[in-house]
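One structure is given below, encoded as structure tokens.
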Amino acid sequence: MSAVQARSADTASRVDVAVAELDVVLGSELSPIRERYAALAEAVGATLAGPLWATAALPVADTAAMDGFAVSGPGPRWRMLIGTCTAGRRSRIALADGEAVRIATGALTPPGTTAVIRSEHVYGERFGGQATIAVLPGAPRRNDTRVRGESWSDGDELAAAGMRVDASVISVAQSAETPIAMIRGPLRADVLLTGDEIRATGELAPGQVRDALGAVLPHYLGHCDIGVRRLTRLPDGRILLALPGNPLAAVAATLVTGRSLVRALTRRTDSASSWGRIADAAAPDDARTRIVPVRQVEGGVWRATGTSGTAHLAALLQAQSLALLPAGTGRGALVELLPLPR
């Protein structure tokens, strides 16, 4: 497949768009969908319509990064106080110079703390009739305090506009007390399968073929962050993505064009590309971009998994990606890879 064919309602003419130009063309022709506020935990696959800002520092106060002892002063020995600082509550303990107290991971450091020393780096002994701790000989002198704002401060930008909402974005937003943000999407599509020769269920009549695409197309659209709804109608203004009838060609067109539609409609900007070197490029085409199912083999290079036939998805059984082979691509060339959903 060398290009995506689009039909203009104004000119009623076909326009061939090269694969490399899809983002530019669709981005200029399509207006982004409306922004909305939403809980990010319920919007996987959407795109941030604005930056994600922290409304709380992380951590909000100095805390212990490890189980150990909060100490005050340089040591080398500290007098142990009774009690333990535990996570989730503020301790009434305050340290004076030369004092120490047990502290749990995540607990707030008590006033007067100058360092947190992990348990495995200290030993206890009685000194002058008192319980004390000291640093083990040869142990590293390190401070296991997580300082307030160590990860980020209130007001920091944590994720840029245009980034995909995924599990990491959701988790960071929760940690930053920003669970709701402005987003676009996720996109939803209606699927319309046409063709008198196609039959989904029941016995095949002479000349009919089994529908090998309808059941799996939502899976590939979902890989592009486009959900599928039941078909109700084709209203004016809806974007129509026309796919080839052959299953492999339809999957290739979906993955190539689907990602560009998401970028255009949600203004996504963080879609990183994957690249690999092709071990073979038999019968290179000097005029068109070819889309070939490939699998990584020994040495880290990628090799085609089957013939270029499009009547079924057998070539995808062992494939890991689709390789985009521009015109004139030869053996060993570095090409873009579209990972396949599994």
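For the pair S91 (side chain) and P110 (backbone), a donor-acceptor distance under 3.5 Å is absent. Checked by atom type and distance alone, the side chain of R148 pairs as donor or acceptor with a backbone atom of V60 at under 3.5 Å. In terms of modelled atom types and a separation under 3.5 Å, the side chain of W302 and the main chain of S321 share no donor-acceptor contact.
Using a 4.0 Å cut-off between charged side-chain N and carboxylate O, R229 and D190 make a salt bridge. Using a cutoff of 4.0 Å between basic side-chain nitrogens and carboxylate oxygens, E336 and R259 are scored as salt-bridged.
Rounding to the nearest 0.5 Å places OG1 of T257 at 6.5 Å from CG of L261. Atom-to-atom distance recorded for L187:CG and R268:CZ is 8.0 Å, nearest 0.5 angstrom. Here the straight-line distance linking atom CG of D154 with atom CG of D156 works out to 8.0 Å at 0.5 Å rounding.
A donor and an acceptor atom, one from each side chain of T105 and D67, are located under 3.5 Å apart.
Of the residues listed (D225, T266, T269, T47), the one engaging R164 in a side-chain hydrogen bond (donor to acceptor under 3.5 Å, both in side chains) is D225, and it is the only one. When each of L158, T178, L40 is tested with V172 by the rule side-chain contact (heavy atoms from CB on, under 4.5 Å), just one qualifies, namely L158.
At a threshold of 4.5 Å between non-hydrogen side-chain atoms, the residues R34 and R184 do not count as touching. Counting only heavy atoms from C-beta outward, the side chains of R126 and T132 never approach each other to under 4.5 Å. Put simply, the side chain of T109 does not reach to within 4.5 Å of the side chain of C85, judged on heavy atoms. Between L322 and L316, some side-chain heavy-atom pair lies under the 4.5 Å cut-off. Side-chain contact check for V71 versus V116: every heavy-atom pair is 4.5 Å or farther apart. Residues V169 and M163 have side chains in contact (heavy-atom distance under 4.5 Å, counting atoms from C-beta outward). The side-chain heavy atoms of T145 and T114, taken from C-beta on, include no pair separated by under 4.5 Å. N246 places none of its side-chain heavy atoms less than 4.5 Å from the side chain of L213.
Cation-pi geometry between R77 and F127 is satisfied (NZ or CZ under 6.0 Å from the ring centre, within 45° of the ring normal).
The two residues A54 and W152 make their nearest non-hydrogen contact at CB-CD1, 3.6 Å. Nearest heavy-atom pair across S151 and P59 is N-CD, 4.4 Å. Listed here is the closest heavy atom pair of A319 and R342: O-NH1, 2.8 Å. N143 and A115 get closest at one heavy-atom pair: OD1-CA, 3.4 Å.
Under a hydrophobic-cluster definition in which Ile, Leu, Val, Met, Phe, Trp and Tyr are linked whenever side-chain heavy atoms come within less than 4.5 Å, directly or via other members, L324 and V17 are assigned to the same cluster. No continuous path of hydrophobic side-chain contacts links L108 to L95 [ILVMFWY only; heavy atoms under 4.5 Å].
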